[in-house]
Visitor: 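Before I ask anything, here is the structure I am working with.
Because only heavy atoms are used, hydrogens play no part in the values below, and waters and symmetry mates are left out as well, while side chains stay in. Proteins get letters first, then strands, A, B, ... in listed order; numbering begins at 1 in each.
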Amino acid sequence: KLVDSFSKIVKGLSGKGKISKEEIEQTIREIRIALLEADVHLNVVRDLTLKIKEDVEKLESSEFFTPSQLIIRSTRDKILEILGGEATKLEINKNPSIILMVGLQGSGKTTTTAKLAYYFKEQGYNPVVVAADFNRPAAIDQLVHISTTNSIPVVFDKNSNSMNIVKKAVEEAKEKGYNPIIVDTAGRIHVDQEVLDEIKKLKEKFDVEHTILVIDAMIGQEGVSVAQKFDESINLSGFIVTKMDGDTRGGVALSIRYITGKPLYFIGVGEKITDLEVFHPDRVVSRILG
Amino acid sequence: DLIKGKNIENISPDFWERLEEKLLVSDVGVNITRHIISTLQNAVKKKDPKLIWNEVERELVSLLSIPYSYDEKFFPLKNDVKDFPLVVMVVGVNGTGKTSFIAKLANYYKEKNLSVILGAGDTYRAAAIEQLTYWAEKLSIPIVKQNMGSDSAAVAFDTINSAISKKIDVAIIDTAGRMHNKNNLIQELQKVEKVIKKHHIELPQEKILILDATYGQNSIQQTKIFTEAINITGVAVTKMDTTFKAGFVFSITSSLGIPIKFMTFGENIDDIQPFEPKEFVKNLLE
Ligand SMILES: Nc1nc2c(ncn2[C@@H]2O[C@H](COP(=O)(O)OP(=O)(O)OP(=O)(O)O)[C@@H](O)[C@H]2O)c(=O)[nH]1
Ligand SMILES: Nc1nc2c(ncn2[C@@H]2O[C@H](COP(=O)(O)OP(=O)(O)OP(=O)(O)O)[C@@H](O)[C@H]2O)c(=O)[nH]1
Ligand SMILES: [Mg+2]
Ligand SMILES: [Mg+2]
């Protein structure tokens, strides 16, 4: 676990006072391995360890800190900085605000659509969810079930298509005062331009305020490419990382923040409707570093 | 452009760096990557540098080639329990593609003219039963199901009952997705297996763990925990069309000794293949 390996590095260093150039190199190497094993992207690991090394080399002769303390603090600070320091609130400014939920197959979009509606309901809004996945068997049944069980209004029609159902939802929202409109879409791969175009067309036709990429915390090195391709193609507002209740270190959170600079709004921490937490960078640093 | 290493007289140090990078970004993981590089560096010392590329491929293929027994009828799976259907239990963490895999596996056996029955053992998630029922109807094969919230083990037991009485060749049991670090959920899986064993101690013959090809190093921990709990007999890697990498498979085979038996490459019913190490390595190194 990154938590185990990082604390091993820290134990090896703390209280050592001044350390040699070789020890610095060795420590940086161990940090590199720990981050890779946490599924942080290779390019991010490279940039990060380079920056930490520069930090340490500049201040090696400081009388206030030992190189060991600097390495540890520098790593923590850099990761926290990348993750965004503080939580970023998902702001709703339009009325009705349309939020598109997109992502790879099985990442947790349908579940998160309902969770996000529940979150807004608790915040005093009047959300509605839209079943716009016409591809996966029983996808519409799934969203309808979760929504009605939790008294969240849902717009659905098994014989429609994504354009028409969103149109219907917007009309209903204006009529009944729903806000926001959260749209569940079909899982799609980042390397298929044709399916990405479906989202593009929705954004051309409707006034979409937020496009959120739902991404699985367990994703490996491909996570960066997924975030980049989705962002380049359809312009994302930010991310939600799901399944953080597993024991994966979730290095993807760091990678996608570093590469795109876009906010990480929430994390999913379970299958219940209430299992959505606002993303707090400091908590995830601890997870990545211990 | 790693092909540049194919026919060079002297191997540049840059070649090893680039191979290492290629392996790491394919989720092969730090330890296995190191092992592969050092093994190859030793092998290359003794041989003609011109053959290095074949050496790389050969080493990677050998790491993936776990010998396992199968029978022709059910290849790559095996039914060594006479007078019983082949019972396949499908498990894994949430959203990896278990239910979809079952549909593909059912069709795979159907195309071999075998009879198949499905067990809707995910009695927990919204519309899980509806999702599997859709596939049963599409494939015109029987399905055993109860209401959402019913006992998963009971559904599994009933499915095998039906398979036995109707003389069906293959019974495939779906289970709910679960995080491997949730003890109560892992125990539930052990209970399902225990109940299945009431039919015959050697059932289920196959316990297939579904791993998502896009996942990173956590797949190894998943495999460890699921194997400790119910002794996984094989892995199916899904969503290969999303990434083509799935480098963690090297750890699954060489460190954990569990064979990869299937891969799926898309959402169509026929996007399933028995695992072919040479094909996989060729694509990985592309
Ligand atoms: N443990 C856990 N499970 C989750 C979380 N979010 C979603 N899931 C589960 O992950 C599985 C997939 O979730 P879905 O909401 O169906 O995913 P999806 O992205 O809509 O899938 P497709 O529509 O097929 O692309 C389900 O079993 C969910 O219950 C989470 O934060 N933690
Ligand atoms: N592109 C692609 N998508 C796949 C593949 N296999 C499954 N999927 C998709 O992944 C999503 C999740 O598949 P499911 O079969 O519902 O996964 P599951 O493991 O049963 O999910 P839970 O029961 O909720 O844990 C669906 O949208 C599938 O169509 C594959 O090989 N390629
Ligand atoms: Mg969905
Ligand atoms: Mg399922």
Visitor: Can you measure from OG1 (Thr238(B)) to CD (Gln105(A)) and round to the nearest 0.5 angstrom?
Guide: 10.0 Å
Visitor: With no hydrogens and no angle check, do the side chains of Asp247(A) and Asn218(B) hold a donor and an acceptor under 3.5 Å apart?
Guide: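 Judged by distance alone, the side chains do pair up.
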Visitor: Please report the closest heavy-atom contact between Met179(B) and Asp245(A), naming both atoms and the distance.
Guide: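 Scanning both residues, the minimum pair turns out to be CG-OD2, 3.9 Å.
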Visitor: Mind listing the closest non-hydrogen atom pair of Ala138(A) and Ala127(B) along with its distance?
Guide: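 Minimum heavy-atom separation between Ala138(A) and Ala127(B): O-CB, 3.7 Å.
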Visitor: Can you give me the closest heavy-atom contact between Asn181(B) and Gly246(A), atom names plus distance?
Guide: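 That closest heavy-atom pairing would be ND2-C, 3.3 Å.
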Visitor: Keeping Lys245(B) on the side-chain end and Glu222(A) on the backbone end, is there a donor-acceptor pair under 3.5 Å?
Guide: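 Pair absent, no side-chain N/O of Lys245(B) close to backbone of Glu222(A).
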Visitor: Could you have a look at Arg32(A), Gln142(A), His41(A) and say which one has the most heavy-atom pairs with chain B under 4.5 angstrom?
Guide: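 Ranked by heavy-atom pairs under 4.5 Å with chain B, first place is Gln142(A).
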Visitor: Would you say Lys200(A) has more than 12 foreign heavy atoms packed within less than 6.0 Å of its NZ?
Guide: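 Buried by this count: over 12 neighbours within 6.0 Å.
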Visitor: Would you say that more than 12 heavy atoms from the other residues, nucleotides or ligands in this model lie under 6.0 Å from the CG of Asn147(B), or not?
Guide: no
Visitor: Flag yes if more than 12 heavy atoms outside Tyr265(A) fall under 6.0 Å of its OH atom; otherwise flag no.
Guide: yes
Visitor: Does CD belonging to Gln193(A) count more than 12 external heavy atoms closer than 6.0 Å?
Guide: yes
Visitor: Does any backbone or side-chain atom of Lys138(B) lie under 4.5 Å from a heavy atom of chain A? Answer side chain, backbone, both or neither.
Guide: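 Nothing of Lys138(B), per the 4.5 Å heavy-atom cut-off to chain A.
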Visitor: Can you find a side-chain donor-acceptor pair between Arg249(A) and Gln217(B) that sits under 3.5 Å?
Guide: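 Not at all, the side chains of Arg249(A) and Gln217(B) share no donor-acceptor pair under 3.5 Å.
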Visitor: Is there side-chain contact between Asn94(B) and Glu271(A), with heavy atoms separated by less than 4.5 Å?
Guide: yes
Visitor: Distance from Asp39(A) atom CG to Ser219(B) atom OG, nearest 0.5 Å?
Guide: 7.5 Å
Visitor: Please state whether the side chain, the backbone, both or neither of Phe248(B) comes within less than 4.5 Å of a heavy atom of chain A.
Guide: neither
Visitor: With a 4.5 angstrom heavy-atom cut-off, which part of Glu137(B) approaches chain A: side chain, backbone, both or neither?
Guide: neither
Visitor: Against chain B, label Asp141(A) side chain, backbone, both or neither, depending on which of its atoms sit under 4.5 Å from a heavy atom there.
Guide: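 Both parts, backbone and side chain.
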Visitor: With side chains defined as the heavy atoms from C-beta onward, is the minimum distance between Thr242(B) and His190(A) less than 4.5 Å?
Guide: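 In short, these two side chains touch, coming nearer than 4.5 Å.
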Visitor: Run the side chain to side chain contact (heavy atoms under 4.5 Å, CB included) test on Asp212(B) and Met218(A) for me, step by step, so that the C-alpha distance in whole Å, both residues' side-chain angles and the decisive distance to 0.1 Å come before the verdict.
Guide: CA-CA 9 Å; Asp212(B) 187 321; Met218(A) 295 177 273; over 6 Å; no
Visitor: Would you say the side chains of Tyr215(B) and Asp216(A) form a donor-acceptor pair under 3.5 Å?
Guide: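 Note: Tyr215(B) and Asp216(A) side chains meet the donor-acceptor criterion.
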Visitor: Has Tyr118(A) got more than 12 heavy atoms of other residues, nucleotides or ligands less than 6.0 Å from its OH?
Guide: no
Visitor: With heavy-atom distances below 4.5 Å as the criterion, would you say the side chains of Glu130(B) and His145(A) are in contact?
Guide: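 Side-chain contact under 4.5 Å: no.
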Visitor: Sort out for me which of Ile189(A), Thr111(A), Leu104(A) touches chain B most, counting heavy-atom pairs under 4.5 Å.
Guide: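 Going by pairs under 4.5 Å, I would pick Ile189(A).
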Visitor: Any side-chain heavy atom of Ile33(A) within less than 4.5 Å of one from Arg34(B)?
Guide: yes
Visitor: Within a strict 4.5 Å, meaning less than it, do heavy atoms of the Glu21(B) and Arg46(A) side chains meet?
Guide: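 A side-chain contact under 4.5 Å exists here.
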Visitor: For Ala126(B) versus Ile146(A), what's the shortest heavy-atom pair and its separation?
Guide: CB-CG1, 3.9 Å
Visitor: With side chains defined as the heavy atoms from C-beta onward, is the minimum distance between Glu267(B) and Arg136(A) less than 4.5 Å?
Guide: no
Visitor: Under 4.5 Å between any side-chain heavy atoms of Glu37(A) and Asn31(B), yes or no?
Guide: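 Side-chain contact under 4.5 Å: yes.
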Visitor: Can you confirm whether more than 12 heavy atoms, excluding those of Lys53(A), are under 6.0 Å from its NZ atom?
Guide: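 Count not over threshold, so no.
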